[in-house]
2 protein chains.
Amino acid sequence: MPAAPKLSKRDATRENILTSALKLFRVKGFEPTTMRDIAKSAGLSLGASYYYFKTKEAIVMAYYDRVQAEHTALAIPAMRKAKDFRARLGVAMHTKLDIIKDDRRLLVAMFRYGGDPDHPLSWFGPATKKQRELAMEIFEAAIGDEKLPKDVRMLAPRLLWTAHMGMILYFLNDRSAGQKKTRALVDGGLDLLVQAFSMSSAPLLQPMVKPIRSKIVKLLEEAELVESSKS
Amino acid sequence: MPAAPKLSKRDATRENILTSALKLFRVKGFEPTTMRDIAKSAGLSLGASYYYFKTKEAIVMAYYDRVQAEHTALAIPAMRKAKDFRARLGVAMHTKLDIIKDDRRLLVAMFRYGGDPDHPLSWFGPATKKQRELAMEIFEAAIGDEKLPKDVRMLAPRLLWTAHMGMILYFLNDRSAGQKKTRALVDGGLDLLVQAFSMSSAPLLQPMVKPIRSKIVKLLEEAELVESSKS
DNA sequence: GTCTATAAAGGGATAGAC
DNA sequence: GTCTATCCCTTTATAGAC
């Protein structure tokens with residue numbers, strides 16, 4: 001661990017609030033924890049807490065920024081040591097679960113405004129853009145130089161990001177011990193996915209696969225779910 | 001239109017509140033509309049409104065019950081007239097969009113607690129079970145007697161329900177005029193889906209397809225995303 | 001059973017003083 | 001930057017009118 005960087009007073013207070021809030025969220029859940037609880041636990045007034053975090057959800061956002069940074073720091077080096085594509089994908093997904101494993105109660109808040117395009121915390125809005133990009137970089141790295149058709153290569157990071165969102169949704173609802181059902185689903189899902197990738201580039205299957213691939217690409221481009229390749 | 005069924009006073013008042021609330025939600029959105037607004041607009045006291053709807057979300061739930069009933073009433077007869085599987089699927093999806101087309105602002109409230117297993121309005125909870133089942137019955141009917149492998153046949157309604165949830169999520173975020181991007185995505189998506197179904201049962205492809213199918217079934221059963229077939 | 005009126009608990013968010 | 005006071009809201013509750 002590097003010498004703890006001297007935190008400005010501002011950052012120290014922020015950190016203090018964040019830590020207190022996460023502790024409470026983990027124990028009581030997101031909704032039952034009030035900003036008054038958080039302020040008290042951090043030894044601050046309610047107003048001061050709002051000075052640092054404009055909304056309760058903003059605290060969860062700050063937590064999630066940290067998750068993303070941690071995920072990058074953990075997954076990228078570990079993937080370098082992984083022996084193949086399948087292994088890299090496993091690392092990408094499982095390290096994410098390792099990081100959030102105790103935080104099901106608080107992650108629900110992240111899913112709250114996904115469907116609401118008018119909300120600043122929408123999944124597709126600018127407030128969450130950096131998080132999306134960071135996450136997608138990890139999947140980018142997981143693919144690495146795996147040999148894939150160009151269009152599949154282009155789609156893959158977003159596909160993996162979407163699968164990873166689904167994984168988190170399943171994880172939130174997974175009451176099995178240690179969320180082992182999620183772990184199993186990830187492993188089985190990735191096996192299938194890798195098989196699909198390899199089929200997508202198998203030379204013998206190209207006559208059947210290629211027109212399907214281009215239909216998919218066209219559909220997603222028109223839906224603006226991926227950026228158009230010709231622009 | 002059949003002679004308006006005589007509503008009990010209770011039902012008339014409920015209806016009145018619901019109508020007033022929906023009007024406000026459509027104009028102002030879900031969150032900015034207060035129960036006070038709704039009560040005033042319905043010409044009732046705040047207490048009376050709460051007498052009929054315990055929470056603000058309960059109003060949206062009542063709306064969604066109505067959507068489901070309407071969807072059944074609209075889609076089932078229309079599907080009988082449709083000429084084939086693809087057409088029935090198109091009817092199932094597009095009639096849903098027809099019904100909710102002006103209600104993007106209020107449907108966001110339905111997505112709010114989807115990821116939260118502790119919330120009564122969770123997507124997977126008992127409060128929303130009847131809605132899920134009603135929706136799945138429609139997809140059941142859309143499949144009809146289409147010739148499909150037994151395992152695919154079993155999975156298909158849930159697959160379609162999931163796709164339909166994705167459609168709604170896209171729809172909520174679709175700012176194109178008349179949400180025509182959603183319509184196009186549905187059409188293209190269904191074309192691909194039907195192609196996938198037909199490949200799943202094509203005799204020539206069975207050697208390749210069958211092991212994949214059983215892997216998928218096993219995975220979903222273990223994840224309890226479908227009920228086990230052997231029980 | 002249906003409703004009004006009213007109060008009050010409790011929480012998110014903000015204004016403005018220090 | 002930090003605090004107190006305050007606003008407005010959801011929700012619960014109560015007492016009583018019809």
Side-chain angles (χ1 to χ4, degrees), chain A residues 6-25 27-63 105-106 108-110 112-113 116 118-122 127, chain B residues 6-22 24-25 27-63 105-106 108-110 112-113 116 118-121 127:
Chain A
K6 254 169 260 152
L7 292 178
S8 62
K9 188 166 185 186
R10 179 182 173 82
D11 287 348
T13 308
R14 244 184 101 88
E15 192 62 25
N16 176 22
I17 297 172
L18 185 52
T19 313
S20 302
L22 294 184
K23 204 180 305 179
L24 290 169
F25 288 153
V27 177
K28 298 178 47 167
F30 176 74
E31 206 143 10
T33 301
T34 71
M35 284 297 267
R36 285 166 175 81
D37 293 337
I38 294 167
K40 185 181 292 181
S41 155
L44 282 173
S45 73
L46 180 63
S49 298
Y50 272 105
Y51 176 76
Y52 284 98
F53 293 99
K54 287 205 192 320
T55 69
K56 216 168 99 172
E57 279 91 7
I59 300 180
V60 180
M61 273 288 151
Y63 155 79
R105 317 274 318 265
L106 67 108
V108 298
M110 298 264 341
R112 186 148 299 178
Y113 298 104
D116 188 348
D118 293 333
H119 197 280
L121 264 52
S122 160
Chain B
K6 254 167 260 154
L7 293 178
S8 63
K9 186 163 189 189
R10 179 183 174 79
D11 287 347
T13 308
R14 244 185 101 86
E15 192 61 26
N16 177 22
I17 297 172
L18 185 52
T19 312
S20 302
L22 294 184
L24 290 169
F25 288 154
V27 177
K28 296 177 49 167
F30 175 75
E31 206 142 9
T33 301
T34 71
M35 284 297 263
R36 285 168 170 80
D37 293 337
I38 295 167
K40 185 180 291 181
S41 155
L44 287 171
S45 72
L46 180 63
S49 298
Y50 272 103
Y51 177 76
Y52 283 99
F53 294 99
K54 288 206 192 317
T55 68
K56 219 167 92 172
E57 277 95 4
I59 301 180
V60 180
M61 272 289 151
Y63 155 79
R105 318 271 319 261
L106 68 107
V108 298
M110 299 262 343
R112 183 148 303 173
Y113 299 105
D116 186 349
D118 294 334
H119 197 279
L121 264 50

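A note on names: the letters A, B, ... follow the listed sequences, proteins ahead of strands, and every chain is numbered from 1.
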How many Å lie between [atom1] on [X] and [atom2] on [N], as a whole number?
| X | N | atom1 | atom2 | result |
| --- | --- | --- | --- | --- |
| B:Lys40 | D:dC9 | NZ | P | 10 Å |
| A:Met35 | C:dT14 | CE | P | 10 Å |
| A:Tyr50 | D:dT4 | OH | P | 16 Å |
| A:Ile38 | C:dG12 | CD1 | P | 8 Å |
| A:Tyr51 | C:dC18 | OH | C1' | 15 Å |
| B:Asp11 | C:dG1 | CG | P | 14 Å |
| B:Lys28 | D:dC9 | NZ | C1' | 12 Å |
| A:Leu46 | C:dG11 | CG | P | 11 Å |

- Message: As an exercise, state the distance from NE2 of B:His119 to CD of B:Glu57, rounded to the nearest 0.5 Å.
- Response: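 Going from NE2 on B:His119 over to CD on B:Glu57, the span is 5.5 Å.
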- Message: For a salt bridge (charged side-chain N to carboxylate O under 4.0 Å, His left out) check, start with the C-alpha distance between A:Arg112 and A:Glu31, then their side-chain angles and the critical distance, and finish with the verdict.
- Response: CA-CA 11 Å; A:Arg112 186 148 299 178; A:Glu31 206 143 10; 3.6 Å; yes
What contact category does [X] fall into here, base, sugar-phosphate, or nothing, at under 4.0 angstrom with non-hydrogen atoms?
| X | value |
| --- | --- |
| B:Ser49 | nothing |
| B:Leu44 | sugar-phosphate |
| B:Arg10 | sugar-phosphate |
| A:Ser45 | base |

- Main-chain N/O of A:Val108 paired to B:Asp116 side chain as donor or acceptor, under 3.5 Å: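 Here the side-chain-to-backbone pair does not exist.
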- For B:Thr34, does its backbone N or O pair with a side-chain atom of B:Asp37 as donor and acceptor, under 3.5 Å?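 Between the backbone of B:Thr34 and the side chain of B:Asp37 there is a qualifying donor-acceptor contact (under 3.5 Å).
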- Distance check: side-chain N/O of B:Lys9 vs OP1/OP2 of C:dT2, anything under 4.0 Å?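 So the side chain of B:Lys9 is outside the cut-off, no N or O lying under 4.0 Å from OP1 or OP2 of C:dT2.
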- A:Lys23 atom NZ, neighbour heavy-atom count above 12 within 6.0 Å: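 No, because the 6.0 Å sphere around NZ of A:Lys23 holds 12 heavy atoms or fewer from other groups.
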- Query: Which of these nucleotides, D:dT11, C:dT4, D:dT2, is closest to any side-chain atom of B:Ala48?
  - Reply: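 Closest of the options to the side chain of B:Ala48: C:dT4.
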- Message: Starting the side chain at C-beta, find the nucleotide from D:dT2, C:dT4, C:dG11 nearest to A:Thr13.
- Response: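 The closest nucleotide is D:dT2.
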